[in-house]
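Reading through the structure tokens given below for one structure.
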Amino acid sequence: MKIGNFTIDDKSPVFIIAELSANHNGSLDNALATIKAAKRAGADCIKLQTYTADTITLDSDKEDFVIKGTIWDGKKLHTLYQEAYTPWEWHEQIYRVAKEEGLICFSSPFDKTAVDLLESLNSPAYKIASFEITDIPLIEYVASKGKPVIISTGIARQEDIELALDACHRMGNYDVALLKCTSSYPAPIEEANMCMVKDLAERYNVISGLSDHTMGSTVPVVATVFGAKIIEKHFIIDRAIGGPDASFSMNEEEFTAMVKAVREAEKASGIIDYNLTEKQAKGRDFSRSLYIAEDIKAGELFTEKNLRSVRPGFGLHPKYYNQLLGKKQQSI
């Protein structure tokens, strides 16, 4: 998979996405400042969400359209999305500033008109949000554009994942990645289930990764160890500016620390290799080997007292110890 100038495969670094979402809190200046902060924090990409309140839901007071059991409890869906959306007239400038900063920029569209807008900006990839994994017509339209498609699986059953993948494949698009996600805000760490990152990759033969709503860096680091090649985290310049997503978003200092931890986890994970590096081989000098521990005369027998396995490792290998016990000194 290639997004912009970044190739994502088994040998590539983790592709780290800073999710802008609603963290501009209605200010274009905040949005542009967030892009620059994401670059400083070490992100590879800034991601938007492209919708309006009217393209994502209905302006209805009915109970179905009132949020329950989340940090937005009691708020109408239409009201929330009216507060959270990124104005479409900002997109061109956001894409331009991201490019100037050396960041890849793409978005999650929530209807066909959003896809059309993003196509006009030559968006290099598309993200299907967790709650849209069941919107097969939208996924088909996105996949038909021939760009990489990254799909979050936060509310998905196995059947939903398979239907979404089939939708992409019907459009001739096999350039698909799946992200493990827990669709709670914030998400409990005990529900992260990071072993799924590896299973998604192996079960569906795709690049896999993480879209994370937990607090802190622990889950992204564990995801990296399980083979995640994409990590997405909500990013805000300062939680004090407020906004619908502020409480579960990382600030610049936290995001910087996460990037550092992920990069260190990549290095620590390494490769399967039983050969020793030059430094590791030198360490064998301090391993065990056989030494005569007492003065003995020719013809005396080796015993547990006069023949010992000790450090350093310049003598005979300890595997010969039992063979030598009871033998005469000159028979070595």
Side-chain angles (χ1 to χ4, degrees), residues 1-4 6-10 14-15 17 19 21 45 47-51 55-57 77 81 104-119 123-185 187 191-213 219-220 223 226-234:
M1 175 179 284
K2 188 168 185 179
I3 300 178
F6 198 107
T7 299
I8 307 172
D9 58 26
D10 289 342
V14 175
F15 184 59
I17 302 170
E19 167 70 74
S21 64
C45 173
K47 193 188 78 66
L48 316 179
Q49 296 181 1
T50 305
Y51 62 84
T55 64
I56 199 171
T57 191
L77 285 171
Y81 298 132
I104 294 165
C105 185
F106 64 93
S107 186
S108 297
F110 291 80
D111 80 320
K112 289 183 177 181
T113 63
V115 177
D116 294 341
L117 170 66
L118 296 170
E119 278 293 289
S123 197
Y126 289 99
K127 166 80 185 296
I128 300 297
S130 288
F131 298 127
E132 274 56 49
I133 196 170
T134 59
D135 192 341
I136 299 304
L138 174 63
I139 294 172
E140 288 178 336
Y141 193 65
V142 166
S144 73
K145 304 306 176 183
K147 308 282 182 65
V149 182
I150 300 171
I151 304 175
S152 273
T153 63
I155 56 100
R157 298 186 177 97
Q158 192 168 343
E159 179 187 13
D160 298 315
I161 295 171
E162 291 166 359
L163 287 171
L165 289 172
D166 287 346
C168 293
H169 298 165
R170 277 197 301 276
M171 299 297 107
N173 193 329
Y174 291 81
D175 210 5
V176 183
L178 295 175
L179 303 187
K180 177 66 180 76
C181 177
T182 305
S183 294
S184 300
Y185 306 91
E191 295 182 11
N193 208 16
M194 284 297 90
C195 61
M196 288 292 292
V197 169
K198 184 178 181 182
D199 189 74
L200 286 170
E202 293 175 349
R203 185 181 300 270
Y204 298 110
N205 192 29
V206 294
I207 290 165
S208 68
L210 167 70
S211 178
D212 188 36
H213 302 128
V219 171
F226 273 106
K229 303 307 297 184
I230 301 170
I231 289 176
E232 177 186 76
K233 194 84 168 176
H234 284 254

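Basis for what follows: all heavy atoms, side chains included, without hydrogens, waters or symmetry-related copies. This chain uses plain numbering: 1 for the first residue, then up along the sequence.
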#### Entry: Full working for side-chain contact (heavy atoms from CB on, under 4.5 Å) between Asp116 and Tyr141
CA-CA 10 Å; Asp116 294 341; Tyr141 193 65; 2.6 Å; yes
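- Residues in residues 131-146 take part in these salt bridge (Lys or Arg N to Asp or Glu O under 4.0 Å) pairs, two or more places apart or across chains: Glu140-Arg170.
- For residues 144-165, there are no ring-ring contact (aromatic ring centres under 6.0 Å, His included) pairs, not counting sequence neighbours.
- The shortest distance between side-chain heavy atoms of His213 and Thr182 does not fall below 4.5 Å.
- Residues that satisfy the salt bridge (Lys or Arg N to Asp or Glu O under 4.0 Å) test with Lys233, not counting sequence neighbours, are Asp212.
- Under the 4.5 Å side-chain criterion, counting only non-hydrogen atoms from C-beta, Ile151 is in contact with Cys168.
- Side-chain atoms of Asn173 come within 3.5 Å of backbone atoms of Lys147 as a donor-acceptor pair (strictly under, hydrogens ignored).
- Contacts of Tyr204 classified as ring pair (Phe, Tyr, Trp, His ring centres under 6.0 Å), with partners at least two apart in sequence or in another chain: none.
- Residues meeting the side-chain contact (heavy atoms from CB on, under 4.5 Å) test with Ala125, sequence neighbours left out: Ile3, Phe106, Pro148.
- Remark: Lys127 engages Ser152, Glu232 in a side chain to side chain donor-acceptor pair (under 3.5 Å) (not counting sequence neighbours).
- Put simply, the side chain of Ile150 reaches to within 4.5 Å of the side chain of Leu179, judged on heavy atoms.
- Partners of Tyr51 under the side chain to side chain donor-acceptor pair (under 3.5 Å) rule, at least two apart in sequence or in another chain, do not exist in this structure.
- Listed by chain and residue number, Arg203 satisfy the salt bridge (Lys or Arg N to Asp or Glu O under 4.0 Å) test with Asp199 (two or more places apart in sequence, or in another chain).
- Residues that satisfy the side chain to side chain donor-acceptor pair (under 3.5 Å) test with Ser108, not counting sequence neighbours, are Lys47.
- Within the 4.5 Å cutoff, side-chain heavy atoms of Val115 are placed close to those of Leu138.
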### Query
Step by step, would you call Asp9 with Thr7 a side-chain hydrogen bond (donor to acceptor under 3.5 Å, both in side chains)?
CA-CA 6 Å; Asp9 58 26; Thr7 299; 5.9 Å; no
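- Residues in residues 156-175 take part in these ring-ring contact (aromatic ring centres under 6.0 Å, His included) pairs, two or more places apart or across chains: His169-Tyr174.
- A donor-acceptor pair under 3.5 Å is formed between the side chain of Ser208 and the backbone N or O of Val197.
- Looking only at side-chain heavy atoms (C-beta outward), Leu165 and Leu178 come within less than 4.5 Å of each other.
- Phe15 pairs by the ring pair (Phe, Tyr, Trp, His ring centres under 6.0 Å) definition with Phe6, not counting sequence neighbours.
- Sorted by first and then second residue, the side-chain hydrogen bond (donor to acceptor under 3.5 Å, both in side chains) pairs involving residues 154-165 (not counting sequence neighbours) are Gln158-Glu162.
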